[in-house]
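Structure record follows, encoded as structure tokens.
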Amino acid sequence: MLMAHPAVLDDLLDRYETLRLLNPEDSEVRRLEDVSYTLCVATCTSDVDAAVIAARLRLPGARPQDDSAAA
């Protein structure tokens, strides 16, 4: 299985979290959908919430036993 580079995952997480905080306008909603899809593909998941958790666990310093991302 191919694994996304941690820098790519970090960038995707940053963009995802930023877009989620913005007021939803047509172009922003589309960008959020694009980033969500890319995050799912990069983490081999089909749900954006699972993708966020998987991406966070693959970042440097993440601890496998740390389930705080799931909360």
Common cluster, Leu13/Leu22, ILVMFWY with side-chain heavy-atom separation under 4.5 Å: yes
Interatomic spacing from CG in Asp10 to CZ in Arg15 - rounded to 0.5 Å: 11.0 Å
Ser46 versus Cys40, closest heavy-atom pair with distance: C-SG, 4.1 Å
Separation of Tyr16 OH from Asp34 CG (nearest 0.5 Å): 13.5 Å
Leu59 reachable from Val48 in the ILVMFWY side-chain graph, under 4.5 Å edges: yes
Verdict with supporting geometry, Leu12 and Thr43, side chain to side chain contact (heavy atoms under 4.5 Å, CB included): CA-CA 11 Å; Leu12 286 170; Thr43 58; over 6 Å; no
Working for salt bridge (charged side-chain N to carboxylate O under 4.0 Å, His left out), residues Arg20 and Glu17: CA-CA 5 Å; Arg20 278 194 32 194; Glu17 291 167 358; over 6 Å; no
Minimal non-hydrogen separation, Arg58 against Pro6, with atom names: O-CG, 4.1 Å
Leu9 CG to Asp14 CG distance, which is reported to the nearest 0.5 Å: 11.0 Å
